[in-house]
Amino acid sequence: MISVTCVAPVNIALIKYWGKRHEELILPVNDSISMTLSTDELCAKTTITASETFEKNRMWLNGDEVPFEEGSRLMRCLKEVHRLALANGSQKVLPSWKIHIASVNNFPTAAGLASSAAGYACLVYSLARLYEIPLNEELTTVARQGSGSACRSLYGGFVQWHRGVLDNGSDSVAKQIAPSNHWPNMHVLILVVNDERKKTASTKGMQQAVKTSQLIKYRVDKVVPERIPKLREAIKARDFHAFAEITIKDSNQFHAIALDTYPPCVYMNDVSHRIASFVHAYNEIMGSLKAAYTFDAGPNACLYVLEENVPQLLYAVQKVFPSDSKDSPAYLRGLSVPKVDNIEVAQKNKIDLLDVHSKNAFRYIIHTKVGEGPKELSADNSLMKNGLPSVH
Ligand code: DP6
């Protein structure tokens, strides 16, 4: 029996992937750019055990067995990895051996928190370690076939997924723009409005958008090709202002397209819109862009903010969105935040003038930052013992 255990990060798109030009190969209609989040706060963890004696491939997700069917995205990833393993001449584990996979997310699944990206990235990265395949662009084409956004989670820092032009998808790859240490003070506050399963899955929502939205065409032909080089430059120059403006605009355009879809897909709710307005009001009183928001296919807000501005933004969030559980450890999760005493009085006074929303608008906050790509954990056997998932 041979086992590997790996963790892989979540990534949050700054320029969104929305729409496919090939459903099965998962080829997108436009390029996208994302930031990878630290695995210390959010990650998928996967153990894969291979053995000559296993009768069939099996997989458990968060403790529950899930089907491992022919034709599924899971099977497609495994087949692609086998193809690379054969080409690579890997000997340690033979593709004929069956595998058992146990995977967990340390955050809510399918809540618009990019769980499928971390999950498939972790699966593909773990398989690559098992079959001794190096991490390279070709491997990102395998993760892409699990879930499009997963290809970006194979790298840390800032990552671009190139749509590619070839029909076989071999040039639809993810590449790193800059590593996490390029902009280490880039932090994120995720305001979790709702962590239940989302109504319209991304796959279905984007299919409908490509079929029915007229705006998506303009986005693909004109807007994204202009935005991509601008965001790359902003990242390279560590220009927060430009970064924030593009990120905010792209989130809004993505949701405009969701609404332009027939029937419309509504991912943001009243609280999400209230958070977006709050960020604009906050930036206004600060005199420049100090925070950016983005929303994926769900109501949760992801706020980008530089580390030095976190205490002040958090103070403002708590002022505008008061919470009864403010002092509970479950309310502010992840990285700790220095005390509010460090905020200048003048700024505090301006924040105190913002309109206050009703209580308990969102559930909790996760404070995290830019992070690195997947990694193997040696000697971690917490998920699986003797090829079967451990109780957790
Ligand atoms: C809104 O990668 O989950 O998060 O390829 O069908 O599995 P599939 O979709 P998925 O879509 C992610 C959509 C998004 C934007 C993004 O991450 O770029």
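Order of appearance sets the numbers: ligands from 1, and atoms from 1 within every ligand. Quantities reported herein were computed from a predicted structural model and do not represent experimental measurements.
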Inset, instruction - Between Gln145 and ligand 1, find which residue part has any heavy-atom pair under 4.0 Å and reply side chain, backbone, both or neither. - result: neither
Legend entry - Lys348 to Tyr315, cation-pi by 6.0 Å centre distance and 45° axis angle: yes
Legend entry - Proximal atoms of ligand 1 relative to Ile26 (non-hydrogen, under 4.0 Å): 5 (O)
Inset, instruction - Could you say whether the N/O atoms of Ser147 and ligand 1 ever approach to under 3.5 Å? - result: yes
Inset, instruction - May I ask you to check if ligand 1 and Ser32 share an N or O to N or O distance below 3.5 Å? - result: no
Inset, instruction - Please assess Lys290 against Leu313 for the test side-chain contact (heavy atoms from CB on, under 4.5 Å), listing each intermediate value before the final yes or no. - result: CA-CA 8 Å; Lys290 295 275 190 247; Leu313 177 63; over 6 Å; no
Inset, instruction - Using ring pair (Phe, Tyr, Trp, His ring centres under 6.0 Å) as the criterion, point out the one residue from Phe158, Phe243, Tyr293, Phe240 that pairs with Tyr304. - result: Phe243
Inset, instruction - Would you tell me whether Lys369 and Ser180 have side-chain atoms, one donor and one acceptor, within less than 3.5 Å of each other? - result: no
Inset, instruction - Could you tell me how the ring of Phe254 sits relative to the ring of Tyr267: parallel (under 30°), tilted (30 to 60°) or perpendicular (over 60°)? - result: parallel
Inset, instruction - Pull out every atom of ligand 1 sitting under 4.0 Å from any heavy atom of Ser116, numbered as shown with elements. - result: 3 (O)
Legend entry - ligand 1 contacted by Trp18 (non-hydrogen, < 4.0 Å): yes
Legend entry - Ligand-residue contact atoms, ligand 1 with Met206, heavy atoms, under 4.0 Å: 9 (O), 11 (O)
Legend entry - Ligand-residue contact atoms, ligand 1 with Ser202, heavy atoms, under 4.0 Å: 3 (O), 9 (O), 11 (O)
Legend entry - Residues Arg274 and Asp270 bridged, charged N to O under 4.0 Å: no
Legend entry - Between Tyr331 and Asp324: side-chain donor-acceptor atoms closer than 3.5 Å: no
Legend entry - Atoms in ligand 1 with a heavy atom of Phe254 nearer than 4.0 Å: 1 (C)
Legend entry - Polar atom proximity, Thr203 to ligand 1 (N or O, under 3.5 Å): yes
Legend entry - Criterion side-chain contact (heavy atoms from CB on, under 4.5 Å) on Met35 and Trp183, from CA distance to verdict: CA-CA 11 Å; Met35 186 177 103; Trp183 209 350; over 6 Å; no
Inset, instruction - Please could you name the atoms of ligand 1 that Ala13 approaches to less than 4.0 Å, counting only its heavy atoms? - result: 16 (C), 17 (O), 18 (O)
Inset, instruction - Could you tell me if any non-hydrogen atom of Arg152 lies under 4.0 Å from any atom of ligand 1? - result: yes
Legend entry - Contact check: Gly148 vs ligand 1, nitrogen or oxygen atoms, below 3.5 angstrom: yes
Legend entry - Backbone or side-chain N or O of Asn11 under 3.5 Å from ligand 1 N or O: no
Inset, instruction - For Lys20, counting its heavy atoms only, list the atoms of ligand 1 lying under 4.0 Å from any of them. - result: 5 (O), 6 (O), 8 (P)
Inset, instruction - Would you kindly say whether Asn185 and Glu308 are connected by a side-chain donor-acceptor distance under 3.5 Å? - result: yes
Inset, instruction - Tell me, please: is Trp161 in heavy-atom contact with ligand 1, that is, under 4.0 Å? - result: no
Inset, instruction - May I ask you to decide whether Lys249 forms a salt bridge with Glu245, counting only side-chain N to carboxylate O separations under 4.0 Å? - result: yes
